[in-house]
Amino acid sequence: MTDTTTTPASHLDLTEQERQAGLDLQQLKQLVGLVEYDEKQDPFPVTGWDALVFVVGNATQAAHYYQSAWGMELVAYAGPEHGTRDHKAFVLKSGSIRFVLKGAVSPDSPLIAHHAKHGDGVVDISLEVPDVDRCIEQARRAGVTVLQEPETVSDEHGSVRVAAIATYGETRHTLVQREVDGVTYAGPYLPGYVTAASTFVKRDGAPKRLFQALDHVVGNVELGKMDEWVGYYNKVMGFVNMAEFIGDDIATDYSALMSKVVASGNHRVKFPLNEPAIAARKSQIDEYLEFYAGPGAQHLALATNDILRTVDELRKEGVEFLDTPDAYYDDPELRARIGEVRVPVEELKSRKILVDRDEDGYLLQIFTKPLGDRPTVFFEIIERHGSLGFGKGNFKALFESIEREQDLRGNL
Ligand SMILES: [Fe+2]
């Protein structure tokens with residue numbers, strides 16, 4: 001590994017994916033709030049995200065959507081032509097993050113039952129770790145369900161060591177060790193996948209990519225279960241608590257939720273965990289739990305260094321965002337609180353981009369409408385400027401916006 005850090009006591013190297021994406025540590029500190037930490041004390045060291053694996057109803061078409069609308073690039077493929085009999089899987093990249101889109105081919109595929117129950121969603125939040133066996137030992141000590149025992153899988157590009165543990169709902173964490181016996185796996189994703197190139201041609205003048213990294217993935221869990229899952233990430237995976245929002249912070253007139261955030265030692269991986277709180281009407285978390293048929297990943301926050309451009313490009317491709325009333329931007333209290341940001345507030349207002357500030361800096365963010373047919377998974381676009389928060393100051397405005405949509409769906 002190349003040593004790019006100046007502080008010898010810390011362990012902060014670029015991952016292979018970040019290096020390939022041309023990102024540097026300074027950019028990552030700004031994009032996702034990367035921090036230095038000592039991996040030696042960590043019972044379950046996590047390097048970063050390996051991939052976000054989705055099960056969808058039609059992976060062939062979803063792969064097109066993520067290329068055409070989201071500017072991602074196809075890098076690998078598995079399917080019947082190459083020995084994967086029951087499903088197709090498309091691996092797409094943007095910056096340092098991979099999405100894997102899986103769809104059933106055979107009527108006997110186990111993906112069919114999963115999709116029938118949950119609809120399109122995230123089935124696997126796959127994490128890159130330096131030592132799979134050490135992680136699985138720790139998970140077993142902590143009583144976690146091991147879904148896949150550690151094994152080394154190989155092809156002509158080399159070997160990876162993988163295992164998987166269960167997390168909330170039917171979601172799993174596959175753990176991927178990409179360096180085995182001192183050799184880093186050189187294939188396009190995992191053994192079983194072949195290199196694939198995009199046939200989609202970007203429009204003239206389209207930016208190289210619309211997002212550079214994944215910032216956080218939010219998990220929605222059942223009422224009363226949030227602390228249990230916070231404990232899981234604390235005790236099993238050694239994650240630290242980042243921020244805490246309870247009760248009034250994020251209550252609207254109708255609904256409420258509670259949320260706590262855990263993060264891996266280097267903060268590359270951040271998991272806000274939400275549970276519904278008792279309120280007058282059905283909360284957005286209740287709606288999610290009903291339509292996803294249980295706990296699962298709610299939103300994925302994609303980090304960009306130019307949210308204005310990203311949002312403009314996405315809108316051109318027909319991506320729909322939640323609306324923010326003009327009153328949000330005209331509120332003198334908000335104007336005073338956010339102070340100076342890198343563009344005039346009018347630029348944010350015309351795009352409905354939200355802004356929040358805390359003691360460390362500010363962030364710009366916007367949320368899409370649900371990505372699929374069910375009111376479940378959606379994306380956030382986030383541009384950080386020092387703030388390591390999650391937009392706490394925007395929760396009320398955001399939830400009121402979600403509730404207007406919920407009401408239109410007849411689910412409020
Ligand atoms: Fe978020």
Side-chain angles (χ1 to χ4, degrees), residues 54 56-57 62 65-66 69-70 118-122 216-223 245 248-259 272-302 307 310-312 314-331 334 348-356 363-382 390-412:
F54 296 75
V56 297
Y65 168 74
Y66 283 104
W70 290 87
H118 301 292
D120 286 10
V122 175
H216 59 271
V217 175
V218 177
N220 279 349
V221 301
E222 304 99 320
L223 180 65
F245 316 114
D248 285 350
D249 275 348
I250 45 178
T252 63
D253 290 345
Y254 292 142
S255 66
L257 63 80
M258 304 220 287
S259 183
L273 294 155
N274 294 337
E275 70 173 37
I278 307 292
R281 298 174 86 169
K282 189 194 276 184
S283 84
Q284 50 156 318
I285 311 303
D286 289 315
E287 187 194 37
Y288 177 100
L289 294 169
E290 180 184 338
F291 284 86
Y292 195 73
Q298 178 215 40
H299 76 258
L300 280 60
L302 311 175
I307 195 171
T310 299
V311 167
D312 288 347
L314 289 169
R315 279 220 174 87
K316 270 196 250 171
E317 299 300 338
V319 172
E320 293 188 299
F321 295 92
L322 290 179
D323 197 21
T324 306
D326 285 347
Y328 169 88
Y329 302 93
D330 303 334
D331 177 9
L334 177 101
L348 304 174
K349 182 178 175 180
S350 68
R351 294 173 176 85
K352 310 290 184 183
I353 293 169
L354 305 167
V355 48
D356 197 26
L363 61 83
L364 305 172
Q365 62 182 176
I366 192 168
F367 298 85
T368 70
K369 290 187 179 178
L371 294 163
D373 301 320
R374 301 193 194 190
T376 53
V377 188
F378 60 92
F379 287 158
E380 168 183 353
I381 314 292
I382 185 167
F390 296 85
K392 176 177 175 175
N394 289 322
F395 279 14
K396 195 169 156 72
L398 166 66
F399 295 165
E400 283 170 353
S401 184
I402 291 178
E403 283 166 13
R404 284 191 293 275
E405 299 282 323
Q406 242 181 294
D407 199 19
L408 291 173
R409 294 191 281 263
N411 293 334
L412 187 62

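Numbers for residues simply follow the sequence, beginning at 1.
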Review point. Is the His216 ring parallel, tilted or perpendicular to the Phe390 ring (thresholds 30°, 60°)?
Key: perpendicular

Check your understanding: For the residue pair Ala301 and Ile382, what are the closest heavy atoms and their distance?
Key -> CB-CG2, 4.2 Å

Review point. Just by distance, do the side chain of Arg315 and the backbone of Arg351 share a donor-acceptor pair under 3.5 Å?
Key: yes

Study note, to complete from the structure: Across all chains, not counting sequence neighbours, the ring pair (Phe, Tyr, Trp, His ring centres under 6.0 Å) partners of Phe378 are His299

Practice item. Over all heavy atoms of both residues, which pair between Leu223 and Pro276 is shortest? Give the atoms and the distance, please. Key: CD1-O, 2.9 Å

Exercise for review: Start with the C-alpha distance between Phe379 and Leu314, add both sets of side-chain angles, then the distance that settles side-chain contact (heavy atoms from CB on, under 4.5 Å), and finish with yes or no.
Suggested key: CA-CA 12 Å; Phe379 287 158; Leu314 289 169; over 6 Å; no

Review point. Out of curiosity, Gln284 CD to Leu289 CG, how far, rounded to the nearest 0.5 Å?
Key: 10.5 Å

**Study point:** Closest non-hydrogen atom pair between Tyr288 and Val377, with its separation
**Key:** CE1-N, 4.3 Å

Point to revise | Test item: Gln406 side-chain N/O and Asn411 main-chain N/O as donor-acceptor pair under 3.5 Å | key: yes

Point to revise | Stepwise side-chain contact (heavy atoms from CB on, under 4.5 Å) test for Leu354 and Phe367 | key: CA-CA 9 Å; Leu354 305 167; Phe367 298 85; 4.1 Å; yes

Exercise for review: Decide, yes or no, whether a salt bridge links Lys392 with Asp356 under the criterion of side-chain N to carboxylate O below 4.0 Å.
Suggested key: no

**Study point:** Within-4.5 Å side-chain heavy-atom neighbours: Gln298 and Ile285
**Key:** yes

Point to revise | Value rounded to 0.5 Å, distance of CD in Glu275 from CG in Leu257 | key: 9.0 Å

Study note, to complete from the structure: d(Leu322 CG, Arg404 CZ) to nearest 0.5 Å is 8.5 Å

**Study point:** CD1 on Ile353 to CD1 on Ile307, rounded to 0.5 Å
**Key:** 4.5 Å

Point to revise | Shortest non-hydrogen contact from Asn274 toward Ser259 | key: OD1-OG, 2.8 Å

Exercise for review: Test Tyr328 against Leu348 for side-chain contact (heavy atoms from CB on, under 4.5 Å), laying out the working first.
Suggested key: CA-CA 11 Å; Tyr328 169 88; Leu348 304 174; over 6 Å; no

Point to revise | Val56 and Tyr65, any side-chain heavy atoms less than 4.5 Å apart | key: no

**Study point:** Contact summary for Tyr292 and Asp120, nearest pair of heavy atoms
**Key:** CE1-O, 4.3 Å

Study note, to complete from the structure: Here the pair of heavy atoms bringing Arg374 nearest to Phe291 is NH1-O, 2.9 Å

Exercise for review: Using distance alone, with no hydrogens and no angle criterion, decide if Ser401 and Asp323 have a side-chain donor and acceptor under 3.5 Å apart.
Suggested key: no

Revision key, fill the gap. Interatomic distance, CG@Leu364 vs OG1@Thr310, rounded to 0.5 Å, equals 11.0 Å

Exercise for review: Let me see the working for His118 and Thr376 under side-chain contact (heavy atoms from CB on, under 4.5 Å), right down to the final yes or no.
Suggested key: CA-CA 9 Å; His118 301 292; Thr376 53; over 6 Å; no

